[in-house]
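Here's the structure we're looking at; comments come further down.
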Amino acid sequence: MTDHANPKTEPFSNAEKDPDDWTTGDEAMTGAQASYLKTLSEEAREPFDDTLTKADASKRIDKLQAATGRGQ
């Protein structure tokens with residue numbers, strides 16, 4: 001056996017990984033990220049940037065969630 005955590009018993013083990021450490025973080029944001037980010041941007045009255053990477057979109061979502069009170 002290995003010392004690695006079993007993803008079935010620890011499903012949230014990757015949920016806290018820093019976006020800067022994502023191997024696909026430099027790819028274009030996902031459709032789900034774009035949709036949620038657009039909603040958050042509108043609620044926060046902030047500009048929506050559709051050119052963000054996955055990692056940057058995740059950071060922006062975190063920031064806007066804090067600003068709007070969502071995700072708490």
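Only a predicted model underlies this, so the values are computations on that prediction, with no experimental measurement involved.
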Review point. Is a donor on one side and an acceptor on the other found under 3.5 Å between the side chain of S35 and the backbone of G31?
Key: no

Exercise for review: Output yes when E46 and R60 qualify as a salt bridge under the 4.0 Å nitrogen-oxygen rule, no when they do not.
Suggested key: yes

**Study point:** For the student: nearest non-hydrogen atoms of W22 and K17, plus distance
**Key:** NE1-O, 3.3 Å

Review point. Should L52 and Y36 be counted in the same cluster of Ile, Leu, Val, Met, Phe, Trp and Tyr side chains packed under 4.5 Å apart?
Key: yes

Check your understanding: Got a second to check how far D56's CG is from I61's CD1, nearest 0.5 Å?
Key -> 11.0 Å

Practice item. Compare every heavy atom of R70 with every heavy atom of L40, then report the nearest pair and how far apart it is. Key: CD2-CD, 3.3 Å

Review point. How long is the gap from OG on S58 to NZ on K63, to the nearest 0.5 Å?
Key: 14.0 Å

Review point. Are any side-chain N or O atoms of T53 and backbone N or O atoms of G25, one a donor and one an acceptor, separated by less than 3.5 Å?
Key: yes

Check your understanding: Atom CD in E43, atom CG in L64: separation rounded to 0.5 Å?
Key -> 9.5 Å

**Study point:** All pairs passing salt bridge (Lys or Arg N to Asp or Glu O under 4.0 Å) where residues 27-39 contributes a residue, at least two apart
**Key:** E27-K54, K38-E42

